[in-house]
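Heads up: numbering here begins at 1 and tracks the sequence. Whatever order the structure lists them in is the order used to number ligands and atoms, beginning at 1.
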Amino acid sequence: MAKIFIDGEHGTTGLQIRARLGQRNDIELLSLPEAERRNQTLRADYLRAADIAILCLPDEAARAAVKLAQGAPTRIIDSSTAHRIAPDWVYGFGELTKGQKNRIASAQYVANPGCYPTGALALVRPLREAGLLPQDYPVSVHAVSGYTGGGKQLIAQMENSTQEDAIHASHFLYGLSLNHKHVPEITTHGLLAHKPVFTPAVGRFAQGMIVCVPLYLRLLAPKASLHSIHQTLAEHYEGQDIVTLATLEETAGTPRIDAEDYAGSDRMKLYVTGNADAGLVNLVAVLDNLGKGASGAAVQNLDLMLGL
Ligand SMILES: NC(=O)C1=CN([C@@H]2O[C@H](COP(=O)(O)OP(=O)(O)OC[C@H]3O[C@@H](n4cnc5c(N)ncnc54)[C@H](OP(=O)(O)O)[C@@H]3O)[C@@H](O)[C@H]2O)C=CC1
Ligand SMILES: CC(=O)N[C@@H](CCC(=O)OP(=O)(O)O)C(=O)O
């Protein structure tokens with residue numbers, strides 16, 4: 001049986017992966033008690049003994065964990081931002097492009113995507129590959145996330161109103177200098193010539209997320225229309241069960257989209273919304289920041305690496 005070690009098992013993402021793997025009898029989980037979570041000697045032993053280690057750590061700690069495992073045959077899934085555009089790592093978004101699931105299945109090092117990029121890339125990459133979205137299009141990405149996206153620290157700030165740095169807002173914008181840590185992976189894996197304007201926000205709900213990519217039809221390829229955009233995405237996701245696309249008819253009958261629609265799920269739903277007469281489009285992805293945006297994607301990648 002494959003030995004799996006979750007380094008950072010007691011954090012937000014780690015706990016969710018643990019919950020997903022806890023029931024399974026086809027793998028052996030190597031687990032450290034919470035009090036030993038920062039014990040480097042024990043972690044190094046487990047990192048080297050595991051067949052696959054899943055890192056649920058801050059970026060610096062993830063880089064250090066990879067060094068601790070070096071020389072051992074351990075395969076690694078890193079949920080942090082540290083390796084998402086590193087050339088020797090495979091980007092762990094199975095639905096990104098043709099052959100990506102096979103690349104993940106045979107990789108030693110897999111970088112799990114960020115939650116916002118999962119939504120943005122699901123919408124942008126197929127349109128880039130089809131030539132509908134020009135490489136130099138001025139892309140913008142507007143998104144709102146549940147507050148668990150900020151890990152233990154933000155959860156405490158949102159849930160404990162008495163602590164000194166408590167946040168009282170119901171909805172707030174951040175990343176105002178437009179250099180959020182997810183911009184490089186959206187640019188690189190979105191095959192974009194320029195950085196997108198990425199404006200993230202947090203809402204007072206624990207899990208869930210909406211990612212929007214607005215587009216002007218007049219700035220797209222001449223053949224672009226709501227229908228051709230929808231058709232391109234439909235062909236890209238045909239036969240997929242984790243990422244699905246609403247039909248244009250369903251979208252036309254949808255008065256609002258709730259950020260919590262996919263909370264508690266590992267799936268993601270895409271919508272092509274807009275106004276053909278005005279030449280305006282808004283592409284929308286709905287997911288759980290901790291599901292397809294983090295822990296669900298890590299387990300999907302683990303299964304691919306296990307050949308399941
Ligand atoms: N939350 C989310 O929605 C998403 C998170 N991610 C990424 O997943 C990773 C984990 O994030 P998240 O679970 O939210 O964060 P948390 O802060 O909730 O958990 C991090 C865990 O790592 C432990 N840790 C921190 N530093 C070290 C270290 N040097 N050695 C060993 N253990 C350490 C922490 O222990 P301690 O309690 O002692 O600090 C904690 O248990 C991050 O890289 C994050 O960016 C990715 C996608 C979405
Ligand atoms: C709401 C919130 O704070 N979200 C996090 C990103 C969550 C995520 O995807 O994390 P990683 O890229 O670190 O893996 C943030 O903006 O920093």
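- Scanning all protein heavy atoms for the shortest distance to atom 17 (O) of ligand 2 gives Lys181 CE, 3.4 Å.
- Going from atom CG of Leu55 over to atom NE2 of His83 covers 8.0 Å, rounded to the nearest 0.5 Å.
- Applying the ring-ring contact (aromatic ring centres under 6.0 Å, His included) definition to pairs two or more places apart or across chains, none involves residues 200-235.
- Side-chain atoms of Glu185 and Tyr91 form a donor-acceptor pair, as typed in the model, at a separation below 3.5 Å.
- For Glu9, the heavy-atom gap to ligand 1 stays at 4.0 angstrom or more.
- For Arg125 and Glu95, the salt-bridge test fails: no basic side-chain N is under 4.0 Å from an acidic carboxylate O.
- Nearest protein neighbour of atom 14 (O) of ligand 2, counting heavy atoms only, is Arg84 NH2, 2.4 Å.
- There is no side-chain donor-acceptor pair under 3.5 Å between Asn102 and Gln100.
- Against a heavy-atom cut-off of under 4.0 Å, Cys56 is close to the following atoms of ligand 1: 9 (C), 10 (C), 20 (C), 21 (C), 22 (O).
- Per-residue contacts place Lys181 under 4.0 angstrom from the following atoms of ligand 1 (heavy atoms of the residue considered): 45 (O).
- A salt bridge is absent between Arg267 and Asp261: the closest approach of a Lys/Arg side-chain nitrogen to an acidic carboxylate oxygen does not fall below 4.0 angstrom.
- Residue contacts with ligand 1, taken as heavy atom pairs separated by less than 4.0 Å, involve Arg43 solely via side-chain atoms from C-beta onward.
- A salt bridge links Arg43 to Asp7: at least one charged side-chain nitrogen sits closer than 4.0 Å to a carboxylate oxygen.
- The N/O atoms of Tyr147, backbone and side chain alike, include none that comes under 3.5 Å of an N/O atom in ligand 2.
- Shown here for Pro134 and Leu219, the closest heavy-atom pair between the two residues is CG-O, 3.6 Å.
- For the residues Ala111, Gly149, Pro113, Ala82, the heavy atom positioned nearest atom 5 (C) of ligand 2 is part of Gly149.
- Between Glu185 and ligand 2, no N or O atom pair is found at a separation short of 3.5 Å.
- Among the atoms of Asp7, none of the N or O lies under 3.5 angstrom from an N or O of ligand 1.
- Between Ala61 and ligand 1, no pair of N/O atoms sits closer than 3.5 Å.
- For atom 10 (O) of ligand 2, the nearest protein heavy atom (residue, atom name, distance) is His182 NE2, 3.7 Å.
- Between Glu159 and Arg204 there is no salt bridge, since no side-chain nitrogen of the basic residue lies less than 4.0 Å from a carboxylate oxygen of the acidic one.
- In the model, Asn301 has a side-chain atom that pairs as donor or acceptor with a side-chain atom of Asn112 under 3.5 Å.
- In the vicinity of Ala294, heavy-atom distances shorter than 4.0 Å reach the ligand 1 atoms 47 (C), 48 (C).
- Using a 4.0 Å cut-off between heavy atoms, Ser79 contacts ligand 2 through its backbone alone, with no side-chain atom that close.
- The N/O atoms of Thr81, backbone and side chain alike, include none that comes under 3.5 Å of an N/O atom in ligand 1.
- The option from Ser79, Gly8, Gly114, Gly150 that lies nearest to atom 6 (N) of ligand 1, judged by heavy atoms, is Ser79.
- With atom 5 (C) of ligand 1 as the reference point, the heavy atom nearest to it among Leu290, Leu154, Thr13 is part of Thr13.
- Contacts between Glu36 and ligand 1, counted as non-hydrogen atom pairs separated by less than 4.0 Å, are absent for every part of the residue.
- Side-chain contact annotation: Gln157 with Glu164, donor-acceptor N/O pair under 3.5 Å absent.
- The closest approach between a heavy atom of Gly293 and any atom of ligand 1 is below 4.0 Å.
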Could you walk me through whether Thr74 and Asp51 pass the side-chain hydrogen bond (donor to acceptor under 3.5 Å, both in side chains) test, one step at a time?
-> CA-CA 5 Å; Thr74 312; Asp51 294 298; over 6 Å; no
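- The contact set between ligand 1 and Thr148, taken as ligand atoms under 4.0 Å from a residue heavy atom, comprises 1 (N), 2 (C), 3 (O).
- If you check which protein heavy atom lies closest to atom 2 (C) of ligand 2, you get Tyr174 OH, 3.2 Å.
- In terms of polar-atom proximity, defined here as any N/O pair under 3.5 Å, Gln153 makes no such contact with ligand 1.
- In the model, Arg63 has no side-chain atom that pairs as donor or acceptor with a side-chain atom of Ser80 under 3.5 Å.
- Sorted by first then second residue, the ring-ring contact (aromatic ring centres under 6.0 Å, His included) pairs that include residues 113-135, not counting sequence neighbours, are Tyr116-His180, Tyr116-His182, Tyr116-Phe198.
- Heavy atoms of Cys115 found under 4.0 angstrom from ligand 2 belong to the backbone as well as the side chain.
- Remark: ligand 2 and Tyr116 share no N or O pair separated by less than 3.5 Å (distance only, no angle test).
- Taking distance alone, with nitrogen or oxygen atoms compared against 3.5 Å, Ser145 stays at or beyond that limit from ligand 2.
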